[in-house]
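Each remark here refers to the structure printed beneath this line.
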Amino acid sequence: MAVEASDGPVTFKKSSASKSNQLHSEMKNSDSYDDGQSNRKTSDVPASNGQSSSSLNGKASAIESSVDISKESNLKTYTKSSPSANSKFPSLGNKNESLLEKKIPKCDDFEDEEDNTPLSDIRMKMNNDNDKKATPNALKKSYEDSDDDDIPLSARLPHNTNLGESSSNYDDSDKQETASKLSVKRPLDEIGSLHSSGKKPKLSDPGSSINAKQISVRSDAKVEEEDDDDIPISRKKNKVVKLMDKSSSSKKLTNVAKVNKGAAPSFKKKEKLKKSGNESEHSQSTKLQLSSGDGQKKWTTLVHNGIIFPPPYNPHGVKILYKGKPVTLTPEQEEVATLFAVMRDTEYMEKEIFKDNFWNDWRELLGENHVIQNLKDCDFTPIYDWCQIEKDKKKQMSLEEKKALREEKMKQEEKYMWAIVDGVKEKVGNFRAEPPGLFRGRGVHPKMGKVKRRIRPNDVVINIGKDAPIPECPIPGESWAEITHDDTVTWLAKWRDPIKPNKLKMVSLAASSSWKGQSDKEKYEKARMLKSYIGNIRAAYTKGFTSKDITKQQIAVATYFIDKLALRAGNEKDDEEADTVGCCTLKVENVTAEGHNKLKFDFLGKDSIKYENTVEVEPPVYKAILKFQKDKQPGDDLFDKLDTSKLNAHLKELMPNLTAKVFRTFNASFTLDDMLNKETKDGVVAEKTAVYQHANKQVAIICNHQRSVSKNHSTQISKLNEKIDELQAVLKELKIDLDRARKEKPPLKRSSDGKNKRNLNPEAIGKKIAQTSAKIEKMQRDIHTKEDLKTVALGTSKINYLDPRITVSWCKRHEVPIEKIYTKTLLEKFAWAMDVDPDFRF
DNA sequence: CTTATGACTTGCAGCAAGGACG
DNA sequence: CGTCCTTGCTGCAAGTCATAAG
């Protein structure tokens, strides 16, 4: 393959390759993918922030309740093979339209695009000049793609005709039918009625904090819903509630577990039985009918209980020392002092800005004429020690006590954990107001150390259905700032960030919710669409490299970077934030021309993560960069004629809804799909998951997802090495024993303790040798992967960039249990992708 | 147009729960 | 069967991008 593109202008050389070296030089060896060439460097992550947790934060871990159920449903869906997709993602119609009318799904852009895009010709042209030299997989692939670009889209993506509706289904011939037949999808109310003989379910459990006007409770309860149809809703509701409780019980857990692990691996190949009909039943949990468009109505009914606040500050009365003397503080002053005290052994304490900012804010609380006149003379040790003791006490608590505490918390929080959206119960993401704390920015942040004051109900705007009861304000005597009923947004509550007052903090549904699932899916569909446009786009920007119009030229080069290097767009930032850059905000000093068409990138990107990479670029790009840098200072903008909105406006001319970030998604998913399909061999599951991990790692490298090396990394490594040494010694002895045994001599005494060993026959010794060396090998592999991944973060791409359908379909094809790849929460998050066709390709 | 703001996604680190280990 | 380690999950900061406002 690859042939085709090889003559064109765009040289996507080692993009990923070069990047791969990016993280550490260590990994260069042994990694077949990092072939080379590129000059990667080690980037030392400036791991900025040592967070120490303040004891104030309660972290409640989200508990299983609903989880299990949904899991179950996933499995179900799974097993029964794909046909349910449609119902899961109902068309985007308006709830009010009759279902039947909706036969032809309304497609967003996707469909249209395809139709009117005259890609073919353009593409053809392109192919001829496409050049893709050492293209790394991703790009290479894309090139190939562009090759088939001449194939009429319709032919290429036959199934996608209805993208808007159900892109995931490749062959939905029958589904289609099904859909129109029982266009159950949709409106929950409708679904509700379906199941409940037309009445709107009423949720009126007095005990429950949520009173929904209409609830048909699907997702979680769906299991039983089916048999419940004739039960009066009110009762049903109770049942549902119960069910949910149950779900957290171990019983349910076990069931699920059984299903999973049992004889039926999650991804056994199944013949695809396509039944039409009854899928609607299962299509539950995700009814995504939201349209992607903005300003669109996102919901009809929305019921929730608002948010919960941290408990009020409980003064401990411990005094700090000022110039050696104890000072009594008011509770407010003490609270802030405590926030500072607990940060004693973080690296923030070495940062002057941090201390200055803290002092400024604290001083305000102390008042002008306070005894305490400077921070330097304050000794917070007493408070620090007190906190340590408290921490220890907590640690010492018995298991029961801890459990009781946790349950207590759960009980308090439970009502906040759920919202009912259009009758469907959904998990809420973060329903806790952020506790007060000292702001920790990442990198060199001008505001670090500022006091993040306590959020009160009066700061919080609640967004809720008109007919829903207004959540009771959890703090007596206070009240919400405002109640809105904005059905064009998906947040349930918001407040202004006290640190950056023009930033908002919002409470919305959890990642497993339909809202999130739907937009996630749309995101990946958009990226997939880019696949068919990419050839074109590359041709276009290649042409632009030499444009006389400097703006166009800059756009071309910027797009090239975004495509090739997966750079972020790079919005403008103000001085109140850490100084980081993205593509459009690159400074002259961030890119160095090193000769031979090599450009060295070196800058701090999002979260102040260092991006360091040297790449060979197209000669015209190289020239263009030299030109852009000419007559500028190091700190000047490289792309002075450009900003993200201009760039995105341009991208939109090339493909509908295209923006810069789509390239990251595209490159990531494409790479995964490509690598999985090239690398996966027959073998045991562990080998396959290793392939997956390897692909995942490449993606992480492309996206520059780093993590800081854990503090005890080196100790861990040396421990492993020690063990290996020990085993090696054992091995040596065994070999001697083997020799002797063959000569029928008894084994020597054990060197370690001088005791006698059992006299074994050669076979037995041979076996031991094999075992031991296997152990050694395994440990060596462990060390290797550990080193390999010590600065690479795989999670971010798995969560945000890799189309789960690639993973799921791959698992199905290769009989890898999906649980080997996705954790429980990820399975929930990706519920929408579980029933993908095994043949799905990105 | 430019700037501000709002809505929503992406990102790393820390923590705590769960698993491996001796 | 406690301790050490690993890992998943949450917290919240920091991006992107559309749009409203000036």
Establish, with yes or no, whether the OP1 or OP2 oxygen of [N] is under 4.0 angstrom from a side-chain nitrogen or oxygen of [X].
{"X": "A:N430", "N": "C:dG11", "answer": "no"}
{"X": "A:T823", "N": "C:dC9", "answer": "yes"}
{"X": "A:K494", "N": "B:dC8", "answer": "no"}
{"X": "A:R442", "N": "C:dC12", "answer": "no"}
{"X": "A:T644", "N": "C:dC17", "answer": "no"}
{"X": "A:K523", "N": "B:dT9", "answer": "no"}
{"X": "A:T490", "N": "B:dC8", "answer": "yes"}

Tell whether [X] reaches the base of [N] with its side chain through a donor-acceptor pair below 3.5 angstrom.
{"X": "A:K505", "N": "C:dG11", "answer": "no"}
{"X": "A:K516", "N": "B:dT9", "answer": "no"}
{"X": "A:R707", "N": "B:dC12", "answer": "no"}

Worksheet item: When the ring planes of A:F354 and A:F340 are compared, do they come out parallel, tilted or perpendicular, using 30° and 60° as the limits?
Response: parallel
Worksheet item: According to the interplanar angle, ranging from 0 to 90°, do the rings of A:F603 and A:F601 count as parallel (below 30°), tilted (30 to 60°) or perpendicular (above 60°)?
Response: perpendicular
